[in-house]
Amino acid sequence: MTKDKTFYITTPIYYPSGNLHIGHSYTTVAADVMARYKRLKGYDVMFLTGTDEHGQKIQERAAAAGMAPQAFVDEIVEGIHRLWSLLNISHDRFIRTTDEAHEKSVQAIFQKLYDQGDIYLSEYEGWYCTPDESFWTESQLKDGKCPECGREVHLTKESSYFFRMSKYQDRLIELLENNPDFVQPQSRAHEMLNNFLRPGLEDLAVSRTSFDWGVKVPFDERHVIYVWVDALSNYITALGYPNTDGDFSRYWPADVQLVGKDIIRFHTLIWPALLMALDLPLPKQVYGHGWLLMNGGKMSKSLGNVVDPAVLCERYGVDAIRYFLLREVPFGADGSFSNEALVQRINLDLANDLGNLLSRSTAMIKKYFDGVVPTVREAGPEDEALESEAAGLKDRVETLLDKLQFSQVLVEIWKFIGSANKYIDLTTPWILAKDPAKQARLAAVLANLAEALRVVAILIQPFVPETGPKIFEAIRQAATPENTAWEQAAVWGAWQATEPLQACAPVFPRLDLDAEIDAMNALLQPAEEASPEQAPQAQTAEQEKSSKKAQAESKADNTEGVISNIDFADFEKVHFLTAVVEACEKVEGADRLLCSQLDVGALGKRQVVSGIANSYAPEELVGKTVILVENLKPRKIRGKESHGMLLCATAEDGSYRLLAVDGSVPAGSGVG
RNA sequence: CGCGGAGUAGAGCAGUUGGUAGCUUGUCGGGCUCAUAACCCGGAGGUCGCGUGGUUCGAGUCCCGCCUCCGCAACCA
C-alpha cells in the first residue's frame, strides 16, 4: 500500500564524546511522540536520528583513551543504541557521519558547492593559542588572551575553504521575516535577525587543516571538511542525497526538525543557506525547544549534575520517564528537572489519576458482574457530559500535537481522566450495586468507564507506548490494529471485552516520596571532583554561576545522610597538610577566584587558586594557617596553575569559611 | 546604553484581539468507601517586580522609565 501522506522528522545528531544525558533523551522522546502520532494517523513517517562523530574533540578524547577514533565512537554509539532501545525510540533510520555513504555524499556536496563558486579557498585569520592548538576570533578572546586557558595568543593565518554565506543574507532575512512558522517558537527568530542577520553574515570557514578526524575535502587532501557541511547535511544524506530519487524525493523537505535552543542558530542560518546554495527546498519548520535545567542550573558533565536516563528508566519504568519529560515542561520553554517533581508526577498523575481509575473501574466490573458487563444498559443524566467530553478530545489533542504542545496535550487528556473519576463519584456505582432494580444502570456506568479508559489508552499511545496496551489488556479490549487505531478515540461505544475482566495489579505503583528522593540522591552522587565541598577549587570561572545553585541544593540533600561509605584505604589516598598563606591576590578577570602562595614546610611553596573571593579579601588570608589537600591533581583555573585545594565549610548563605587549626602547628604538618 | 527571555497565591505555571485574576501542587475543612491512604466537593491564600507613571470608561494585558533574575560569544538537547 502506498501512503500518500509523508512526515519527516529529525533530531539533531548527537556528539558522541561521552554518554548521553536526560537532555538528549528529551529531544529524542519528543520526536518519537510525533513520529508515533503521525504513524497512528496513517502517515508514512521517516524519523531520523544519529550521531555526529567527527572533529577535533573526538580525536582528542579517543587519543586520551588510547583508542582509534572510530573504535572510540563505535563504543559510545553502541551505548546510544541501547539507550534509544530502552526508551522505546522508534526511529526509522540512524545516521552516523562516519557512514561511508554519508561521507561520500558530503564530499559530493562540497564538490558541487566548490564547482559553482559557493566555496572558495582563502585564509582563516585568527588568534592562535599554540598550547591549545585552537583558533579564536577577536571577539572570542578574553582580555586579549585565550578564552580556554588564559594564555597569550598570536595572530596567525591558516588556509581554509570558505562557504559564501554572506551571499544568502538577504534571502535569509526574507525567510525569517516572512515565514513565521519556519522558526518556532517565534521569539527565536527575532534573536537570529537582530544578533546575526542584520549586523551582517560573514563567510564561514568550512575546512580545517589542524586535525584530520573528518571527511577529506575531495580535491584537497590536506583539508578535512569542518562540522557545518558534514553534520548539517546528514538530514539529506540520510535520504540518499545527492541521489534525488527514492527517499529524498519522497520525504524532503522535512516537516519538523527538532533542535535544542542552543543550536537553533546553525539550523536557521547556516543550514538554510546551504540548502539555498544546493538549490533545495527548505525544511518546513525548525523547532527550538528549551532546556531541562537541573536544580535551576544547566546540566553538564563538569558540574556532576548529569542525570542518567538509563538509571531513571530502570527505577521508574520507561513510560513514567517519557511522561514526565513531556508533561513537566512546556516544550518551547526551559523547565527544571528534579527528583521530587518526577516522583510527584508519577504519584499524582500516573498512579492516583490514571492508575487508580483503571484499578477501581476494573475492580467494580469484576466485583459486581464477575467481569462481564451485561448488555442491557440504561443511560443516565451523568453520561452526557462524559461522552461529549470524550467526543471532542481527539480533535483537541490533534490540534495541540500538531503544534508540538506536548504538555498541553497531556493536560487535556488528564482533564478527561479527572472527569471519569468524577463520573464515578456522581453515579455512585457501589450504591447502584446494592439495588437489584438498578443493574441496567450499573452496567451502563461501568461500560462507560471502560469506554473512557479505551479512549485514553488510544490517545496516550504516542507518549507512553507500553501503557496503552496494558490498559487494553486490563479492560480485555483486543489490541488489534483496528481497535488501537487513532480514529477509534472519537468513537463512543467500541469497547468489546473478549473475556471476563479481572482486578488488575497497579500499572503505576505509588512511590514513597522521601524514600525515593534519598535513593535518587545516592544514585546521582557525582563520582568525580565536582562534589560540593570541593567546588571552590574545582570550579572554573565559567562554571561558577550555574553550579552555585546546584551546590546549595545538593548540599541540603546531603545532610540527610545518604552518602555512601568509603574505606579507610580511600581516605588514606587523600593527603591533608597544614599550610601558611604567604601571599594572596585576586585573579584578574574572575570574580570569585583568589590565588594564594602557600608555605607547605618541607614540601616548599605551593600556588592554589580558590573560589572564595566573595568570602575573603586577599589580605585577610595572609598569615592564616589553612588545611590543604596536597595531592589533588593540579589543574589550571583561569590560566593559573592550582596545586591543591583549601578546605572550606559552606555557610548557609553560600559563603565559605576556611578550616582552621586549634592551636599552633608548623606549616606542612600532617592532618588526618 | 549589545541581544533575547522572565518577574502573577507557599511552590510550579496559564492568562489569547485590554472588560469581575485562573490551573496544578501544597494547606485547612467536608464527602465517599469502588479503588494504588487513592477519588469527589468546598474554604483560605495574590495591591499580577517597581514607578500612588502614561493612554483608556476600564490594563496582568498597550506605551514610557527603572529594578532583579536567566540565557546568548564554546559544534553540551
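Chain A is the first sequence line, chain B the second, and so forth, proteins listed ahead of strands; every chain is numbered from 1.
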What is the separation between atom CD on A/Q56 and atom C1' on B/A74, rounded to the nearest whole Å? 13 Å
My understanding is that only one of A/D435, A/T427, A/L446 makes a side chain to side chain contact (heavy atoms under 4.5 Å, CB included) with A/R441; could you say which? A/T427
Could you state the atom-to-atom distance from CG of A/L232 to P of B/A77 in whole Å? 13 Å
Tell me, what's RNA chain B's dot-bracket, Watson-Crick or G-U with both distances under 3.5 Å, | for other-strand, [ ] crossing? .((((((..((((.....[..)))).(((((.......))))).....(((.((..]....))))))))))).....
So A/I263, base contact, sugar-phosphate only, or nothing? Heavy-atom distance under 4.0 Å. sugar-phosphate
On a whole-Å scale, what distance lies between the C1' atoms belonging to B/C76 and B/C66? 36 Å
Proximity to the side chain of A/R360 - top-ranked nucleotide from B/A35, B/C32, B/A77: B/A35
Protein-nucleotides 26-31 of chain B N/O pairs under 3.5 Å:
unit_1	atom_1	unit_2	atom_2	d
B/G31	N2	A/D425	OD2	3.3

Assess the pair A/W213 and A/F72: is the distance between their ring centroids shorter than 6.0 Å? no
When A/M364 and A/T27 are each assigned the nearest nucleotide of RNA chain B, the 5'-most assignment goes to A/M364
Measure the distance from CD on A/E382 to C1' on B/C40 and round it to the nearest whole Å. 14 Å
Could you work out the separation of B/G65 and B/C23 based on their C1' atoms and round it to a whole Å? 33 Å
Euclidean distance, atom CD1 of residue A/I431 to atom P of B/C39 [Å, nearest integer]: 19 Å
Which part of the nucleic acid, if any, lies within reach of A/V259 when heavy atoms closer than 4.0 Å are counted: base, sugar-phosphate only, or nothing? sugar-phosphate
Are A/R315 and A/E516 ion-paired here, with the side-chain N under 4.0 Å from a carboxylate O? yes
Going 5' to 3' through nucleotides 6-14 of chain B and flagging B where a protein heavy-atom sits under 4.0 Å of the base, S where only the sugar-phosphate is that close, and - otherwise, we get ---------
Please give the distance between the P atoms of B/C1 and B/C72 as a whole number of Å. 24 Å
For the P atoms, the ones on B/G4 and on B/G51, what distance do you get once it is rounded to whole angstrom? 26 Å
Which part of the nucleic acid does A/N347 contact within heavy-atom distance under 4.0 Å: base, sugar-phosphate only, or nothing? nothing
Consider only side-chain N and O atoms of A/E53 and A/H102, and report whether a donor and an acceptor are under 3.5 Å apart. no
B/C34 to B/U27 separation - C1' atoms, rounded to the nearest Å: 28 Å
Would you say the ring centers of A/W271 and A/F266 fall short of 6.0 Å from each other? no
Taking atom P in both B/C39 and B/U24, compute the distance separating them and give it to the nearest angstrom. 13 Å
Would you mind reading off the distance between A/R265 atom CZ and B/A74 atom C1', rounded to a whole angstrom? 10 Å
Charged N to carboxylate O below 4.0 Å: is that the case for A/E473 and A/K470? no
Do the rings of A/Y14 and A/H24 sit parallel, tilted or perpendicular, given the 30° and 60° boundaries? perpendicular
Could you tell me how the ring of A/F94 sits relative to the ring of A/H81: parallel (under 30°), tilted (30 to 60°) or perpendicular (over 60°)? tilted
Sole residue of A/V73, A/D52, A/T51, A/T97 in side chain to side chain contact (heavy atoms under 4.5 Å, CB included) with A/Y15: A/D52
Taking atom P of B/C41 as reference, at what distance in whole Å does atom CG of A/L426 sit? 8 Å
Is there, by distance only and without an angle test, a donor paired with an acceptor across the side chain of A/N356 and the base of B/A35 below 3.5 Å? yes
Just wondering, are more than 12 heavy atoms of other shown residues or ligands nearer than 6.0 Å to NZ in A/K438? no
Does B/A38 have its OP1 or OP2 closer than 4.0 Å to a side-chain nitrogen or oxygen of A/R510? yes
Any base atoms under 4.0 Å from A/A363, or only sugar-phosphate, or nothing? Heavy atoms, all strands. sugar-phosphate
Starting at the 5' end of RNA chain B and moving along, which residue's nearest nucleotide shows up first, A/S361 or A/R327? A/R327
Round to a whole Å and report the spacing from CG of A/L358 to C1' of B/C39. 14 Å
Could you measure between the two P atoms, the one in B/G49 and the one in B/A9, and give it in whole Å? 8 Å
Quick one: is B/U24 close enough that its OP1 or OP2 comes under 4.0 Å of any side-chain N or O from A/K415? no
Taking 4.0 Å as the cut-off, does a side-chain nitrogen or oxygen of A/N421 come that near to OP1 or OP2 on B/A38? no
Any idea how A/Y161 and A/H223 line up, ring-wise: parallel (<30°), tilted (30 to 60°), or perpendicular (>60°)? perpendicular
Look at A/R345 together with A/E340 and state whether they make a salt bridge at an N to O cut-off of under 4.0 Å. no
How about A/H267 and A/Y235: are their ring centres within less than 6.0 Å of each other? yes
Base, sugar-phosphate, or nothing: which does A/G355 touch, judged by heavy atoms less than 4.0 Å apart? base
A/W414 CH2 to B/C40 C1', in whole Å, measures 19 Å
Tell me whether the side-chain N/O atoms of A/K422 come closer than 4.0 Å to OP1 or OP2 in B/C39. no
Just checking A/Y14: base, sugar-phosphate only, or nothing, at a heavy-atom cut-off of under 4.0 Å? sugar-phosphate
Expressed in whole Å, how much space separates the C1' atoms belonging to B/A6 and B/G15? 15 Å
Heavy-atom side-chain proximity of A/R510 to A/N352 below 4.5 angstrom: yes
